Visitor: 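Got a structure here, written out as structure tokens. Questions coming.
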There are 2 protein chains.
Amino acid sequence: MLTDQRHQIIRDRLAVEGRVLAGELASHFGVSEDTVRRDLRELAKAGECRRVYGGAVASAPLAAATVGQRSGHAVEEKMRLASAAVRLLSAGQSLFIDGGSTNAAIARAIPRELDLTVATNSLGVASALSDHPQVELIVLGGRFVRELGTCVGADTLAAIAQLGADLCFLGSCGLDAARGVTAFDSAEAEVKRAMARNSTGIVVAVTNDKLATAAPYRVARAEAIRHLVVEKSAPAAILADFERQGAEIHFA
Amino acid sequence: MLTDQRHQIIRDRLAVEGRVLAGELASHFGVSEDTVRRDLRELAKAGECRRVYGGAVASAPLAAATVGQRSGHAVEEKMRLASAAVRLLSAGQSLFIDGGSTNAAIARAIPRELDLTVATNSLGVASALSDHPQVELIVLGGRFVRELGTCVGADTLAAIAQLGADLCFLGSCGLDAARGVTAFDSAEAEVKRAMARNSTGIVVAVTNDKLATAAPYRVARAEAIRHLVVEKSAPAAILADFERQGAEIHFA
DNA sequence: TCACTTCTTGCATAAACGTGCAAAACATGC
DNA sequence: GCATGTTTTGCACGTTTATGCAAGAAGTGA
């Protein structure tokens, strides 16, 4: 990978997320942290970002515009969850990745040189993976739902039915030990169910505000969750319920 | 292999992928890396790319055409073509939009409030339309091809088969009055053919460099083209051939 | 304060680079 | 045909660049 490409990707990320972490970029690119730090120093010298301890942030005028506007809710937390979730991956696996901002963050955190097969109905996830040379990317088409950023409907279900995956990253609108993974929309839930059904293991990564809440449509029961990725500050009592039902808990 | 041929292929690759590697090109052409470096130096001198350590990147750092990759070639022209092409649209129509940087430009030029139904296999087009509130967007999924930024394969064909459209915006790798619309890749051509078959009218928008050239795979005959959008400077003789076969010519 | 992480600097190495040169391919003129 | 000049290419050479590692400095948080 060319130095210039790294710089471009770092620029893009700064524009989207407002800040980058040296360690994260290093594992994403598959280079040493020293190299990333050199990159950041150069970009900073060119005025394209400001260097801070641990990484870099977008230069002042830009930062205000983008960071705020971007699906800004809990960006930091989601990136931390993503880093933890990516540790569940290994080369050669096949994945379903559902929509939602947390899953988009996970897709962005996937190391660039990791060898995977990924099927997704999310435009954001597809875009994030579209420059990963080792990822065989399958787009699950269908009717595009603007609010979700994903495709749903009969076509989507038909495409999923033809596939199987090792892991399924389910976006969750609500997560409750009794009601399991739930979604706000019927068609969306149907797609999630299909993905879950055709996967060996289910991974759910959620921020604290989703814990112990539920949406109307059931997607998967709590005991179907194999990996649960949560914030360090997640209430232990709630996690215990999931652990009892067989989930492995991973802290961001 | 002629020097000029190599240069043209390098230009194409830069337009599609945004970057090239010296070593990769050398083995692809079967020449030494020195020769490739000479080529890159010349192209860079002519302003057609920027030389970087390890290869070269497309020079125009303007808006991303496909997904994240720069498709710097003839950006201005493509935007002008797009403005002209969009004038062919009217509310309530249904469209197929194929991949390619020109079609991505067209998608970006579609007015935000226009009421349309659009089916596309291009991630770039889908992203461009994902915030158009009046566009019913259908994503044609399938195996994602990084170099093209589009989906191809059996799934894509199956999805297209279920749809019909008023207009089909065909990306064209080469356009010749005798051989019609042609493409570089077999699977890509198959998808284009399916779109064309299920549409009432075909629209082709091309820059001058595509005129009177042909790629190996045939997509549609020249007489199938209803609307041809070209630059003002397009050679009249070539256009006359298309006009004779029933195409309406639109100047950007 | 101390332990820990992150940063910079210097250095070694391998890859990529440009340059000069000679052989080969090709065209041109006699 | 033969000589001449031009262009293209590959190779050898020394130089530059990118990168990772090591060691010490500096920042961070308890």
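All of these numbers come straight from a predicted model, not from anything done at the bench. Throughout, a chain's letter reflects where its sequence line sits, starting with A, and its residues are numbered from 1.
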Visitor: From A:K192 NZ over to A:C173 SG, what is the distance, rounded to the nearest 0.5 angstrom?
Guide: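 SG of A:C173 is found 5.5 Å from NZ of A:K192.
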Visitor: Charged N to carboxylate O below 4.0 Å: is that the case for A:R226 and A:E248?
Guide: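 Looking at A:E248 together with A:R226, the answer is no, because their closest N to O distance does not fall below 4.0 Å.
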Visitor: Give me the bend of the helix from C:dT1-D:dA30 to C:dC30-D:dG1, using the axes of the five pairs at each end, rounded to 10°.
Guide: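 About 40°, once rounded to a multiple of 10°.
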Visitor: Can you list the residues that meet the side chain to side chain donor-acceptor pair (under 3.5 Å) rule with A:D4, with sequence neighbours excluded?
Guide: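 Checked A:D4 against side chain to side chain donor-acceptor pair (under 3.5 Å); matches are B:R50.
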Visitor: How long is the line joining CG of B:L25 and P of C:dC17, in whole Å?
Guide: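 Rounded to the whole Å, the gap is 11 Å.
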Visitor: Rounded to whole Å, please give me the gap between CG in B:D34 and P in C:dA16.
Guide: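 Taking atom P of C:dA16 as the reference, CG of B:D34 is at 12 Å.
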Visitor: Quick one: list whatever passes side chain to side chain donor-acceptor pair (under 3.5 Å) with A:E223, sequence neighbours left out.
Guide: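 Expected list: A:R221.
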Visitor: Send over the distance from B:R41 CZ to C:dG20 C1', rounded to a whole Å.
Guide: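 In whole Å, C:dG20 C1' lies 12 Å from B:R41 CZ.
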Visitor: According to salt bridge (charged side-chain N to carboxylate O under 4.0 Å, His left out), who are the partners of A:E24, at least two apart in sequence or on a separate chain?
Guide: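 For A:E24 the salt bridge (charged side-chain N to carboxylate O under 4.0 Å, His left out) partners, ignoring immediate neighbours, are A:R13.
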Visitor: Below 4.0 angstrom from OP1 or OP2 of C:dG10, is there any side-chain N or O of A:R38?
Guide: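 No, outside the criterion.
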Visitor: Is there any ring-ring contact (aromatic ring centres under 6.0 Å, His included) pair reaching into residues 2-38 of chain A, and which pairs are they, with sequence neighbours excluded?
Guide: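 Residue pairs passing ring-ring contact (aromatic ring centres under 6.0 Å, His included), neighbours aside: A:H28-A:H132.
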Visitor: Considering residues at least two apart in sequence or located in another chain, which fulfil the salt bridge (charged side-chain N to carboxylate O under 4.0 Å, His left out) criterion with A:E113?
Guide: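 A:E113 satisfies salt bridge (charged side-chain N to carboxylate O under 4.0 Å, His left out) with no other residue.
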Visitor: 5' to 3' on DNA chain D, which nucleotides open and close the contacts with chain A (atom under 4.0 Å from a heavy atom)?
Guide: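 Result: D:dA18 to D:dT28.
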Visitor: With sequence neighbours excluded, tell me which residues meet salt bridge (charged side-chain N to carboxylate O under 4.0 Å, His left out) with B:R244.
Guide: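 Testing B:R244 for salt bridge (charged side-chain N to carboxylate O under 4.0 Å, His left out), a comparison that skips the adjacent residues, returns B:D241.
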Visitor: Can you pull every protein N or O that's under 3.5 Å from an N or O on nucleotides 2-6 of chain C?
Guide:
residue : atom : partner : partner atom : Å
C:dT5   : O2   : A:Y53   : OH           : 2.5
C:dT6   : O4'  : A:Y53   : OH           : 2.8
C:dT6   : O3'  : A:G54   : N            : 3.2

Visitor: Among all residues two or more places apart in sequence or in another chain, which pass the salt bridge (charged side-chain N to carboxylate O under 4.0 Å, His left out) test with B:R37?
Guide: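 Salt bridge (charged side-chain N to carboxylate O under 4.0 Å, His left out) list for B:R37, sorted by chain: B:E33.
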Visitor: Could you list all the ring-ring contact (aromatic ring centres under 6.0 Å, His included) pairs where at least one residue sits in residues 88-107 of chain A, not counting sequence neighbours?
Guide: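 Every pair satisfying ring-ring contact (aromatic ring centres under 6.0 Å, His included) with a residue in residues 88-107 of chain A: there are none.
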Visitor: On DNA chain D, does the nearest nucleotide to B:G30 precede the nearest nucleotide to A:G30 from the 5' side, or the other way round? Give the residue.
Guide: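 By nearest-heavy-atom nucleotide position, the 5'-most residue is B:G30.
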Visitor: Report the residues that fulfil side-chain contact (heavy atoms from CB on, under 4.5 Å) with A:S122, sequence neighbours left out, ordered by chain and then residue number.
Guide: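 For A:S122, the residues satisfying side-chain contact (heavy atoms from CB on, under 4.5 Å) (neighbours in sequence not counted) are A:T120, A:V125, A:T150.
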